[in-house]
Amino acid sequence: KKMVAKNSPQRLLRKLFRSPRKKKAKAVETLEDAKLKEQFRTIDVDGSGKIDKSELRYLLRVSTGSLPTEGEVEGMMREADTNQDGLVDYGEFKAIHRAARDGKLRFSSLSRVLVEFDQLDAAVVDDDDDDD
């Protein structure tokens with residue numbers, strides 16, 4: 001039997017299906033947050049707890065297949081970095097992800113990247129589930 005982390009998306013998903021109706025909404029929110037935190041940790045290559053310009057550039061390059069210009073990275077960073085410390089923390093990432101999902105980002109390419117990253121992540125999780 002595989003060991004599953006306490007707050008892993010897989011464990012939270014199992015809890016969701018066993019929960020009474022009142023708890024399902026909270027379980028869905030918790031599952032979505034766990035998936036988003038996992039994505040954030042994937043992008044945060046250096047493990048600092050914040051996404052810097054080079055990590056954003058890498059995400060954009062991997063997701064789109066082309067190298068973004070310095071101006072594109074700067075503009076996207078400005079939009080995501082609401083406290084203007086030059087880094088994107090988890091709270092800012094969550095807000096920018098929500099805006100991307102809702103189609104409210106000024107930079108459509110960042111929105112597309114975040115949505116595509118969600119789809120890629122979902123495909124990897126689905127593929128992992130087939131191995132059980």
same_hphob_cluster(F93, M76) at 4.5 Å side-chain heavy-atom cutoff:
yes
For side-chain contact (heavy atoms from CB on, under 4.5 Å), just list the numbers for D89 and N83, CA-CA rounded to whole Å, side-chain angles, deciding distance to a tenth of an Å, and then say yes or no.
CA-CA 9 Å; D89 62 32; N83 68 2; 4.0 Å; yes
Residues forming a salt bridge (charged side-chain N to carboxylate O under 4.0 Å, His left out) with D85, sequence neighbours excluded
K50
Exercise: identify the closest heavy-atom pair between D81 and G86
OD2-N, 2.6 Å
Looking only at heavy atoms, the pair that brings I96 and A80 closest together is CD1-CA, 3.8 Å
Would you say Q84 has more than 12 foreign heavy atoms packed within less than 6.0 Å of its CD?
no
Interatomic spacing from OH in Y58 to CG in L67 - rounded to 0.5 Å
12.5 Å
Please confirm whether the backbone N or O of E38 pairs with a side-chain atom of T42, one donor and one acceptor, at under 3.5 Å?
yes
Output the distance between atom NZ (K94) and atom NZ (K37), rounded to the nearest 0.5 Å.
7.0 Å
So CG of L56 and CD1 of I51: to nearest 0.5 Å the spacing works out to 7.5 Å
Less than 4.0 angstrom from a charged side-chain N to a carboxylate O is my criterion; do E74 and K53 meet it?
yes
Are any of the side-chain heavy atoms of Y90 and D44 separated by less than 4.5 Å?
no
Which atom of P68 lies closest to which atom of V73, heavy atoms considered
CG-CG2, 3.7 Å
CE on M77 to CD on E72, rounded to 0.5 Å:
14.0 Å
Distance check, rounded to the nearest 0.5 Å: E79 atom CD versus E92 atom CD?
12.0 Å
Nearest-0.5 Å distance that lies between atom CG in D52 and atom CG in D46
6.0 Å
